[in-house]
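The figures that follow rest on heavy atoms only: side chains count, while hydrogens, waters and symmetry mates do not. In this text the structure is predicted, and so the values were computed from the model without any measurement.
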Amino acid sequence: MRKHVRWESVLDISEYQEIVNIVYVGLLGIEKNISEDCNDQFYQEYKKSLLLYETYEKVEEVIKWQLARNNIEALFLLGLSEGEMYPKPEMAHIRQIEILVDKKDLLRINRIMLDMDYEHREETTCSGILYVRIPGIRIVFYGFMPIENKVIQRYFAGPVKRFRCVEPYHTIHMLSNEEEYLFRIARMVELYITGRLKIRDILDLWQYRKLLGEMFHFKSVKELLEKAGWSEFENQADILGTLWFGEDAEQQYGLALELEEYIMSHGRENRHLDETLLPYEKIRLDFYWRNRDKEWALRKQAWMFPAREYMMRFFPILEKYPFLLVFCWLIRNWRFFRRICANKCKKAGFRFRVRLSDIQERLKGMIRREEVEEDLPEDTQEEMVLQAEREERSLNEEVDDGSLRKPDEISERESRDRGTEETEESRDEEAEEDTANIEQTEGDSDV
């Protein structure tokens with residue numbers, strides 16, 4: 001790079017795009033025109049990612065052990081597999097560990113996570129139950145597969161135990177290569193819809209495809225993506241990854257460049273891109289765009305009551321009976337309202353079950369203590385009372401007799417005793433001298 005680079009701006013962009021460690025490894029070794037302060041900030045972020053990866057390794061192993069110990073079937077969706085795709089594990093960025101479990105096990109998991117000093121936190125962008133702990137560990141548990149597309153939902157439908165096991169555990173499961181690839185595409189679709197798709201996501205997908213190589217069965221995956229309406233999205237994400245990180249320059253980059261602009265502009269709305277990449281996700285795209293658009297107040301009416309041409313995609317009956325448009329509006333808005341209420345009820349229900357389980361645990365503890373006290377024989381209780389009384393009586397007697405005194409009283413008594421002994425010894429010496437003198441005088445007189 002011949003031009004001067006503003007590394008402060010590079011640092012800000014890298015932090016948002018979650019690629020600070022990649023920039024540090026790839027560029028700072030050959031760049032000399034960088035301030036010492038900015039260089040130190042890059043290094044601290046790189047060091048943080050290194051330490052965080054090591055912490056996640058220990059955390060994932062502990063959680064697996066706890067789930068297996070409590071006989072909970074769990075499917076690990078995303079986690080430390082990010083580090084396996086890069087030459088150095090610290091080049092990866094682990095946002096969180098995502099685990100799918102059965103709904104009935106969520107209460108037990110809540111108790112386990114709280115016992116391990118995790119904090120339950122609520123986030124509007126997280127469809128699961130989030131637990132966090134210093135220094136930035138995030139664990140998400142799902143009671144359902146976090147995918148909205150019905151085709152992909154049916155593909156992942158079924159109990160958790162149908163997925164392959166992780167040795168040496170019998171209740172811990174993991175995705176196959178094809179299943180993990182589909183899940184990564186599904187997560188990228190969710191991030192795109194909510195305006196949070198980043199360079200790191202494109203890089204992870206490109207690295208994953210590069211790592212799998214010929215071991216990956218693309219044909220079956222392509223057919224499923226075609227049914228779900230995600231084939232164009234997956235294709236353009238792959239082209240953009242090749243444009244950024246690969247060497248192939250023979251493809252058409254028109255739509256991929258629009259996706260690049262979308263990512264670099266922090267998810268700025270692009271209607272043409274939405275309709276081309278995700279034609280079957282129009283309702284959800286409208287919903288999220290309206291929630292974060294500054295012109296929500298002005299365009300609310302158009303969103304709640306769209307044109308008949310748009311509604312005909314979801315209600316074909318309008319082509320023959322256009323007067324039913326009002327009823328179709330009501331049905332569409334009712335679906336939105338029902339989804340919002342269902343999400344709020346799920347969260348409220350989970351909080352209520354957590355509080356109820358806490359109350360039950362406390363009541364069980366109180367009942368156990370009462371049962372232990374009742375099981376003790378009356379003779380044992382009387383003996384314990386009599387023994388306590390005897391100990392108290394003996395203590396009082398010692399205090400009255402003077403055998404039990406305070407430390408300062410003991411020191412004074414010892415000093416007085418030492419003084420008395422010294423006085424008596426001096427008196428004995430004087431008496432012996434007087435006796436010797438008298439005996440000597442009597443001897444002289446006799447002579």
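Note that CD of Gln236 is 8.5 Å distant from CG of Leu240, once rounded to the nearest 0.5 Å. Between the CD1 atom in Ile19 and the OG atom in Ser49 there is a gap of 12.5 Å [rounded to 0.5 Å]. Leu243 contributes atom CG, which lies 10.5 Å from atom CG of Leu259 (distance to the nearest 0.5 angstrom). One distance of note links CZ of Arg133 with CE of Met116; it measures 7.5 Å at 0.5 Å rounding. In this structure, CG on Leu318 lies 6.5 Å from CE on Met311, to the nearest 0.5 angstrom. Interatomic distance, CG of Leu75 versus SG of Cys165, reported as 10.5 Å (0.5 Å rounding).
There is no side-chain donor-acceptor pair under 3.5 Å between Tyr155 and Glu178.
Although no hydrogens or angles enter the test, the distance criterion places a donor-acceptor pair under 3.5 Å between the side chain of Arg162 and the main chain of Ala157. Panel note: side chain Asp12, backbone Ser9; no donor-acceptor pair is recorded below 3.5 Å. Remark: the backbone N or O of Met91 is not paired with any side-chain donor or acceptor of Tyr53 at under 3.5 angstrom. Judged by distance alone, the side chain of Ser265 and the main-chain N or O of Tyr262 form a donor-acceptor pair under 3.5 Å. For the pair Gln153 (side chain) and Met145 (backbone), a donor-acceptor distance under 3.5 Å is absent. The closest donor-acceptor contact from the side chain of Gln17 to the backbone of Ile199 lies under 3.5 Å. The closest donor-acceptor contact from the side chain of Asn149 to the backbone of Val151 lies under 3.5 Å.
The ring-ring contact (aromatic ring centres under 6.0 Å, His included) analysis of residues 339-364, with sequence neighbours excluded, yields the pairs His120-Phe350. Applying the salt bridge (charged side-chain N to carboxylate O under 4.0 Å, His left out) definition to pairs two or more places apart or across chains, none involves residues 43-53. Sorted by first and then second residue, the ring-ring contact (aromatic ring centres under 6.0 Å, His included) pairs with a member in residues 76-100 form an empty list; sequence neighbours excluded.
Atom CD of Glu226 sits in a sparse spot, with 12 or fewer heavy atoms from other residues, nucleotides or ligands closer than 6.0 Å. Summarising the local packing, CD1 of Ile134 is surrounded by 12 or fewer heavy atoms from other residues, nucleotides or ligands at distances under 6.0 Å.
Each of Lys210, Arg209, Lys222 was scored for a salt bridge (Lys or Arg N to Asp or Glu O under 4.0 Å) with Asp238, with one residue passing: Arg209.
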- Item | Check against salt bridge (Lys or Arg N to Asp or Glu O under 4.0 Å), Asp102 and Arg108 | CA-CA 11 Å; Asp102 198 335; Arg108 282 200 295 164; over 6 Å; no
- Check the pair Val10, Phe42 against side chain to side chain contact (heavy atoms under 4.5 Å, CB included), reporting the backbone distance first and the verdict last. CA-CA 10 Å; Val10 174; Phe42 270 104; 4.2 Å; yes
- Message: What verdict does the side chain to side chain contact (heavy atoms under 4.5 Å, CB included) test give for Arg95 and Arg138, after you've listed the backbone C-alpha separation in whole Å, the side-chain angles of each residue and the deciding distance to 0.1 Å?
- Response: CA-CA 7 Å; Arg95 292 193 181 112; Arg138 294 168 57 92; 5.8 Å; no
- Message: Test ring pair (Phe, Tyr, Trp, His ring centres under 6.0 Å) on Tyr118 and Tyr131; report intermediate values, then the result.
- Response: CA-CA 6 Å; Tyr118 281 85; Tyr131 297 93; 7.1 Å; no
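Among all heavy-atom pairs drawn from Gly79 and Ile97, the shortest one is CA-CG1, 4.2 Å. Across Ile239 and Ala256, no two heavy atoms sit closer than the pair CG2-CB, 3.8 Å. Contact record, Ala74 with Leu67: CB-CD1, 3.6 Å, taken as the closest heavy-atom pair. Closest of all the heavy-atom pairs between Gly143 and Leu106 is CA-CD1, 4.3 Å. Of all non-hydrogen atoms in Leu277 and Leu255, the two that sit nearest each other are CD2-CD2, 3.8 Å. Minimum heavy-atom separation, Leu205 to Tyr181: CD1-CE1, 3.5 Å.
Classification of the Tyr43-Tyr24 ring pair by plane angle, with boundaries at 30° and 60°, yields tilted. Classified by interplanar angle (parallel below 30°, tilted 30° to 60°, perpendicular above 60°), the ring pair Phe245/Trp206 is tilted.
Side-chain atoms of Met188 and Ile202, non-hydrogen and from C-beta on, do get closer than 4.5 Å to each other. Between Pro146 and Phe183 the shortest side-chain heavy-atom distance falls below 4.5 Å. Glu84 places none of its side-chain heavy atoms less than 4.5 Å from the side chain of Leu80. Taking the side chain as every heavy atom from C-beta outward, Ile63 and Ile99 approach each other to under 4.5 Å. Proximity of Asn110 to Ile129: side-chain heavy atoms (C-beta onward) are nowhere separated by under 4.5 Å. Using a 4.5 Å heavy-atom cutoff, the side chains of Arg351 and Lys347 are in contact. Counting heavy atoms from C-beta outward, Phe156 and Leu100 have side chains that stay 4.5 Å or more apart. You'll find the side chain of Asp274 stays beyond 4.5 Å of the side chain of Ile193, heavy atoms only.
Residues satisfying the side chain to side chain contact (heavy atoms under 4.5 Å, CB included) criterion with Glu119, sequence neighbours excluded, are Arg121, Val132. Partners of Glu73 under the side-chain hydrogen bond (donor to acceptor under 3.5 Å, both in side chains) rule, at least two apart in sequence or in another chain, are His173. In this view, Glu261 and Arg268 satisfy the side-chain hydrogen bond (donor to acceptor under 3.5 Å, both in side chains) rule, not counting sequence neighbours. In this view, Ser176 and Glu179 satisfy the side-chain hydrogen bond (donor to acceptor under 3.5 Å, both in side chains) rule, not counting sequence neighbours. In this view, Val166 and Lys64, Ile172, Met174 satisfy the side chain to side chain contact (heavy atoms under 4.5 Å, CB included) rule, not counting sequence neighbours. In this structure, Arg164 has no side-chain hydrogen bond (donor to acceptor under 3.5 Å, both in side chains) partners at least two apart in sequence or on a different chain. Checked against salt bridge (Lys or Arg N to Asp or Glu O under 4.0 Å), Arg187 has the following partners two or more places apart in sequence or in another chain: Glu98. When the salt bridge (Lys or Arg N to Asp or Glu O under 4.0 Å) test is applied to Lys161, no partner is found at least two apart in sequence or on another chain.
Salt bridge absent: Glu361 and Arg111 never bring a charged side-chain N and a carboxylate O closer than 4.0 Å. Taking 4.0 Å as the cut-off between side-chain N and carboxylate O, Glu180 and Arg184 count as a salt-bridged pair.
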Per-pair distances, 0.1 Å, donor-acceptor, side chain in residues 319-329, under 3.5 Å, sequence neighbours excluded:
from   : atom 1 : to     : atom 2 : distance (Å)
Trp329 : NE1    : Pro306 : O      : 3.0

